[in-house]
Colleague: 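Got a structure for you, written out below as structure tokens; questions coming shortly.
Values reported hereafter were calculated over all heavy atoms of this structure, with side chains retained and with hydrogens, waters and symmetry mates removed.
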Amino acid sequence: MKMLLFDVWALMVLISCSGATEELFEVSIWPNQALVEYGQSLVVNCSTTCPEPGPSGIETFLKKTQVSKGPQWKEFLLENITKNSFLQCFFSCAGIQKDISLGITVYVLKEPPKLVILELQPAWVAVDETFTVTCQVPSVAPLENLTLTLLQGNQELYKKNFVSLAMDSQRAEITINVRAQRENDRCNFSCHAELDLSLQGGTLFEGSSLIKVLRIFEFSQSPQIWVSSLMEVGMAEAVSCEVARVFPAKEVTFHMFLGDEELNLFPFWEEDTVWANATVRAMETGDQELSCLASLGPVEQKTRKPVHVYSFPPPILELEESYPLAGTDINVTCSGHVLTSPSPTLRLQGAPDVPAPGKPAWLLLTTREEDDGRNFSCEASLEVQGQQLIKTTVIQLHVLYKPRLEESGCPGNQTWVEGMEEMLACVPKGNPAPAMVCTWNGVIIDLEVPQKATQNHTGTYCCTATNQLGSVSKDIAVVVQGLEKGVSSTIFVIIIVALGVGVITVTLYLNYRPCKVERRKLPYRQTETNKEEESQFAFQQAEKCNSHNC
């Protein structure tokens with residue numbers, strides 16, 4: 001009986017001790033939160049308060065290696081962690097086992113700017129067309145902690161988080177469509193990503209995409225070429241290529257070609273119109289093509305225009321002799337240039353007939369002195385592509401003749417006024433131009449320098465004009481008249497003219513008066529008639545006096 005009582009007591013003691021041990025020992029794990037980058041390793045420490053622990057360890061699907069241990073702890077290395085998982089750390093004490101769990105969160109994050117990728121489709125967008133802005137993070141986790149924000153400059157366009165996506169997804173993307181307007185040109189677009197792991201014991205990771213620049217354009221009209229449909233070979237011709245309603249106009253580039261030859265261009269722009277000017281010189285005749293290529297961003301437009309290149313040099317005008325003597329017979333010939341095709345129609349000024357196409361025009365002329373300096377013109381007309389073209393050549397005839405001293409250019413009687421600056425007026429005619437020499441009392445005088453006239457200058461001057469064909473002389477009588485006599489004569493003439501006008505006025509007035517009045521005024525009329533006769537007599541006497549130098 002005593003033995004039975006002892007066994008019962010011992011069992012009760014043991015049960016009471018086991019309960020005390022279970023209540024007293026604890027199991028803990030470090031770290032208590034685990035945030036691991038994708039593919040990396042984690043060191044986990046399991047420990048207990050049990051003084052003499054029994055079997056212990058960790059349970060996990062991850063690759064584990066015990067790296068260290070102590071009486072109440074063990075440390076494990078978990079390698080190549082690629083997904084979220086849980087592990088249990090357990091210890092037994094006096095036959096009692098306790099465990100604790102640890103959740104491991106795996107995050108995926110590449111270094112900026114590879115973290116965030118921004119795409120603009122297309123990079124050049126036509127006005128009013130739609131373009132796409134896409135932002136993606138190709139490899140990131142956990143997505144429920146990610147936020148993406150699309151930005152235009154500093155303005156927020158769109159923002160999205162990914163809480164609702166599957167836990168095992170590692171790809172995030174947002175896409176929006178925007179209608180292009182001119183004000184969007186050269187706008188900067190970017191995408192900003194935030195991965196907030198602060199609740200998992202981590203930190204806030206941020207990344208931004210590279211900035212993309214959007215280009216907006218408007219290019220709805222084809223280029224227009226401005227050039228004449230006819231071009232003369234070897235002659236410079238201005239050409240222009242223009243594009244209207246284009247944006248941005250100043251960024252349009254031009255290339256112009258005549259056949260295979262590229263032209264040197266000078267571009268200009270104003271508001272929504274741009275053009276390029278060039279000078280072209282065609283060196284071959286025939287049908288050719290002028291082309292203009294206008295480019296803006298990804299768009300190119302080309303325009304072609306045919307041109308016809310012709311050859312039409314001026315006609316040839318020939319004088320049989322360029323400097324014939326007066327009275328010489330010469331031929332004047334007008335002919336087309338050999339490079340003109342087809343043959344032009346010719347017309348020679350002064351020729352009686354128009355020759356047939358391809359035939360020259362000519363004129364037989366007997367030269368006269370009056371023909372010196374005469375211009376002859378030769379006109380050639382040619383029809384090219386339905387257009388009538390005209391070229392003219394002018395030549396001047398020079399007729400050689402002996403000097404002449406005509407009365408109109410060299411008066412034989414000349415009157416000078418005493419005290420006034422005077423020159424001998426004598427201009428010869430002749431070709432070549434004659435040299436002129438005038439003498440007075442054996443002294444040569446200067447015909448270009450005026451001199452103050454005195455009574456001593458009265459006399460006869462001898463002038464001689466000479467050229468290669470001969471010479472001619474003429475005597476010129478010069479009379480120097482006193483200044484007072486000249487003034488008196490002028491006043492006298494004015495008085496006589498005034499009296500004459502007065503007499504005519506009175507006569508007309510009396511002739512149209514009634515007879516009665518006329519009879520009463522008869523004595524006065526006779527008096528006026530007498531005065532008129534006296535005035536006429538005085539005028540005649542004055543003329544006689546002047547003619548005799550009285």
Side-chain angles (χ1 to χ4, degrees), residues 27-46 58-65 75-89 99-121 131-178 187-212:
V27 177
S28 60
I29 189 171
W30 184 91
N32 55 6
Q33 289 183 332
L35 183 65
V36 183
E37 187 174 357
Y38 181 87
Q40 298 300 310
S41 302
L42 176 65
V43 176
V44 178
N45 186 291
C46 291
I58 62 173
E59 293 182 355
T60 179
F61 293 107
L62 301 173
K63 180 183 178 182
K64 62 181 178 178
T65 303
E75 192 170 79
F76 298 89
L77 174 65
L78 307 178
E79 298 179 88
N80 193 25
I81 303 173
T82 58
K83 62 181 179 178
N84 297 341
S85 60
F86 289 90
L87 66 80
Q88 283 187 327
C89 176
D99 57 56
I100 187 170
S101 298
L102 173 65
I104 300 176
T105 301
V106 176
Y107 72 91
V108 179
L109 186 67
K110 294 185 178 181
E111 291 296 323
K114 295 180 179 179
L115 168 66
V116 187
I117 300 174
L118 180 73
E119 292 183 354
L120 286 177
Q121 293 293 336
F131 64 95
T132 301
V133 186
T134 301
C135 176
Q136 59 177 334
V137 183
S139 183
V140 64
L143 287 182
E144 62 268 21
N145 298 85
L146 179 68
T147 301
L148 293 182
T149 305
L150 282 176
L151 300 171
Q152 179 178 329
N154 296 322
Q155 180 182 358
E156 182 179 303
L157 287 180
Y158 186 72
K159 189 173 186 178
K160 181 180 180 180
N161 55 51
F162 298 85
V163 176
S164 60
L165 293 183
M167 293 291 289
D168 57 349
S169 175
Q170 293 184 359
R171 179 182 177 85
E173 181 178 303
I174 57 175
T175 300
I176 63 171
N177 295 321
V178 183
C187 282
N188 294 332
F189 288 84
S190 62
C191 182
H192 185 71
E194 293 182 353
L195 185 65
D196 189 359
L197 300 177
S198 58
L199 295 180
Q200 286 82 8
T203 184
L204 176 65
F205 294 94
E206 295 183 273
S208 294
S209 69
L210 296 175
I211 293 175
K212 295 291 184 72

Colleague: Could you state the interatomic distance from CG (L120) to CD1 (I211), rounded to the nearest 0.5 Å?
Modeller: 11.5 Å
Colleague: What are the two closest non-hydrogen atoms of G207 and V116, and how far apart are they?
Modeller: O-CG2, 3.7 Å
Colleague: How long is the span from the CG atom in L195 to the CG atom in L204, to the nearest 0.5 Å?
Modeller: 8.0 Å
Colleague: Quick one: does C46's side chain get under 4.5 Å of I100's, heavy atoms only?
Modeller: no
Colleague: Can you give me the closest heavy-atom contact between C191 and L150, atom names plus distance?
Modeller: CB-CD2, 4.0 Å
Colleague: Drop me the distance from I174's CD1 to T149's OG1, to the nearest 0.5 angstrom.
Modeller: 7.0 Å
Colleague: Closest heavy-atom contact between T60 and F86?
Modeller: OG1-O, 3.9 Å
Colleague: Listed by chain and number, what are the salt bridge (Lys or Arg N to Asp or Glu O under 4.0 Å) partners of E119, not counting sequence neighbours?
Modeller: none
Colleague: Looking only at heavy atoms, which two atoms of I58 and K64 are closest? And how far apart?
Modeller: O-NZ, 2.6 Å
Colleague: Are V44 and E75 side-chain neighbours, meaning at least one heavy-atom pair lies under 4.5 Å?
Modeller: no
Colleague: Can you sort out the partners of E59 under side-chain contact (heavy atoms from CB on, under 4.5 Å), two or more places apart, ordered by chain and number?
Modeller: Q88, F90
Colleague: May I ask you to decide if T147's main-chain N or O and N161's side chain share a donor-acceptor pair within less than 3.5 Å?
Modeller: no
Colleague: What are the two closest non-hydrogen atoms of F162 and L143, and how far apart are they?
Modeller: CB-O, 3.3 Å
Colleague: When rounded to the nearest 0.5 angstrom, what is the spacing between CG in L78 and CG in L42?
Modeller: 5.5 Å
Colleague: Hey, mind stepping through S41 and L77 against side chain to side chain contact (heavy atoms under 4.5 Å, CB included) and telling me if it holds?
Modeller: CA-CA 7 Å; S41 302; L77 174 65; 3.9 Å; yes
Colleague: Find the distance between CZ (F189) and CG (L157) and round it off to the nearest 0.5 Å.
Modeller: 6.0 Å
Colleague: Measure across E173 and L148 and return the closest heavy-atom pair with its distance rounded to 0.1 Å.
Modeller: N-CD1, 4.4 Å
Colleague: Compare all side-chain heavy atoms of K63 with those of N80 and state whether any distance is below 4.5 angstrom.
Modeller: no
Colleague: Got a second to check how far T175's OG1 is from Q121's CD, nearest 0.5 Å?
Modeller: 10.5 Å
Colleague: Within the structure provided, determine whether V133 and L118 are in side-chain contact (heavy-atom separation under 4.5 Å).
Modeller: yes
Colleague: Which residues pass the side-chain contact (heavy atoms from CB on, under 4.5 Å) test with Q40, not counting sequence neighbours?
Modeller: V36, E37
